[in-house]
Amino acid sequence: RNPSQFTINPSRHNVNIPEIKRHLHRFGYLQRNNNNKNLGLPITGKPDSDTLSHVRLPRCGYPDDVDSKTTAFHTKQK
Amino acid sequence: YVYFPGRPRWTRDIPLQLTYAFSQENLTPYLTPTQIRRVFRRAFAKWALVIPVSFVETEDYEIADIKIGFFAGDHGDGEPFDGVLGTWAVDFHEQKSTVAVDLESVAVHEIGHVLGLGHSSVKDAAMYPTLKPRSKKVDLNVDDVVGVQSLYGTNPNFNISGLLASETSTNLAD
């Protein structure tokens with residue numbers, strides 16, 4: 001999965017958590033209002049470098065949270 | 001470790017034997033079938049070491065329990081792949097690409113899915129969902145072992161203290 005649409009040259013000043021979550025939701029990676037901790041990352045409340053580094057890494061295409069899959073997960077074009 | 005909803009697992013008699021076969025049409029052109037076979041044999045062996053399950057290669061792709069191929073885009077499971085992101089590697093000394101991804105590490109991970117494990121939050125686990133380019137994660141972590149053994153039981157020849165000793169030594173080295 002390629003998150004490059006928003007991770008190419010991200011600026012710390014114009015990327016915020018709601019924006020990232022909207023993006024992930026739009027492309028089927030995250031349900032709305034999902035505040036779950038994931039990937040063993042610390043919760044910092046901001047788009048910290050650890051989190052952004054993980055978003056950029058190549059990853060397995062299978063969803064992490066299989067219980068929360070929605071129809072959108074299957075129908076949205078990635 | 002995490003299971004899929006409903007905790008699905010292979011349910012034949014123990015010791016379980018699963019067959020695997022490679023697609024003839026959907027392999028990757030820059031690795032030879034021999035290289036791919038060797039990598040997968042090693043990857044299956046990692047799991048077979050810890051649970052009473054054996055994996056046997058068969059030529060018959062249609063009836064194999066586990067079908068192995070390299071696919072792009074929509075491949076039939078409702079989760080289309082994005083397309084090419086990097087280059088498969090079986091030897092980083094030969095493959096110099098900065099986006100080379102270790103095939104054996106991915107094979108070990110995907111076999112974990114086939115056995116019923118989902119994505120783990122333990123960074124050192126084989127079932128952690130991300131892998132840095134030019135890195136390897138071919139050994140099972142305690143998290144992977146405990147997870148899969150609770151589904152299938154323990155291989156009578158496996159000794160977890162050896163794995164724990166190996167992990168302690170790796171941590172000390174780090």
Side-chain angles (χ1 to χ4, degrees), chain A residues 1-10 15 17 20-32 34-78, chain B residues 1-8 70-89 97-103 105-137 141 143:
Chain A
R1 297 186 171 193
N2 185 357
S4 59
Q5 288 98 327
F6 80 97
T7 56
I8 291 175
N9 302 321
V15 178
I17 292 282
I20 291 173
K21 289 174 80 171
R22 268 198 304 278
H23 178 94
L24 293 174
H25 175 74
R26 180 181 168 206
F27 288 97
Y29 294 99
L30 187 71
Q31 280 200 312
R32 250 184 233 291
N34 183 325
N35 291 313
N36 291 345
K37 184 177 177 178
N38 198 12
L39 298 171
L41 292 166
I43 297 174
T44 63
K46 51 190 178 184
D48 56 85
S49 57
D50 250 11
T51 302
L52 292 178
S53 301
H54 268 77
V55 170
R56 290 189 197 103
L57 282 176
R59 57 156 290 147
C60 175
Y62 204 82
D64 292 340
D65 190 354
V66 286
D67 279 330
S68 66
K69 276 170 62 170
T70 64
T71 307
F73 232 115
H74 298 284
T75 57
K76 292 271 189 182
Q77 186 170 1
K78 303 292 193 294
Chain B
Y1 53 88
V2 170
Y3 301 123
F4 296 126
R7 209 173 137 136
F70 292 74
F71 299 92
D74 188 351
H75 53 285
D77 71 351
E79 297 288 343
F81 294 142
D82 286 330
V84 177
L85 296 178
T87 300
W88 292 115
S97 166
T98 56
V99 290
V101 175
D102 181 51
L103 179 61
S105 304
V106 174
V108 169
H109 177 95
E110 299 306 329
I111 293 166
H113 283 321
V114 168
L115 290 168
L117 295 177
H119 285 152
S120 169
S121 288
V122 176
K123 286 189 178 179
D124 290 333
M127 294 315 295
Y128 194 73
T130 63
L131 180 71
K132 288 180 183 165
R134 303 199 66 79
S135 68
K136 297 188 77 160
K137 196 191 280 178
N141 178 274
D143 182 74

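Note on naming: letters A, B, ... go to the chains in the order of the sequence lines (proteins, then strands), and numbering restarts at 1 for each one.
Contacts classified as side chain to side chain donor-acceptor pair (under 3.5 Å) and involving residues 125-135 of chain B (residues at least two apart or in different chains) are given here: A/H54-B/Y128.
Below 4.5 Å, heavy atoms of chain A meet heavy atoms from B/E110, B/H113, all part of residues 110-118 of chain B.
Between chain A and the residues B/P133, B/P129, B/G86, the most heavy-atom pairs under 4.5 angstrom are made by B/P129.
Once rounded to the nearest 0.5 Å, the distance linking NZ of B/K123 with CG of A/L41 reads 5.0 Å.
Remark: B/T87 pairs with no residue by the side chain to side chain donor-acceptor pair (under 3.5 Å) rule, at least two apart or across chains. Taking A/T51 as the reference, A/D48 meet the side chain to side chain donor-acceptor pair (under 3.5 Å) condition, with sequence neighbours excluded.
In terms of heavy-atom proximity, B/S121 sits nearest to A/L39 at OG-N, 3.7 Å.
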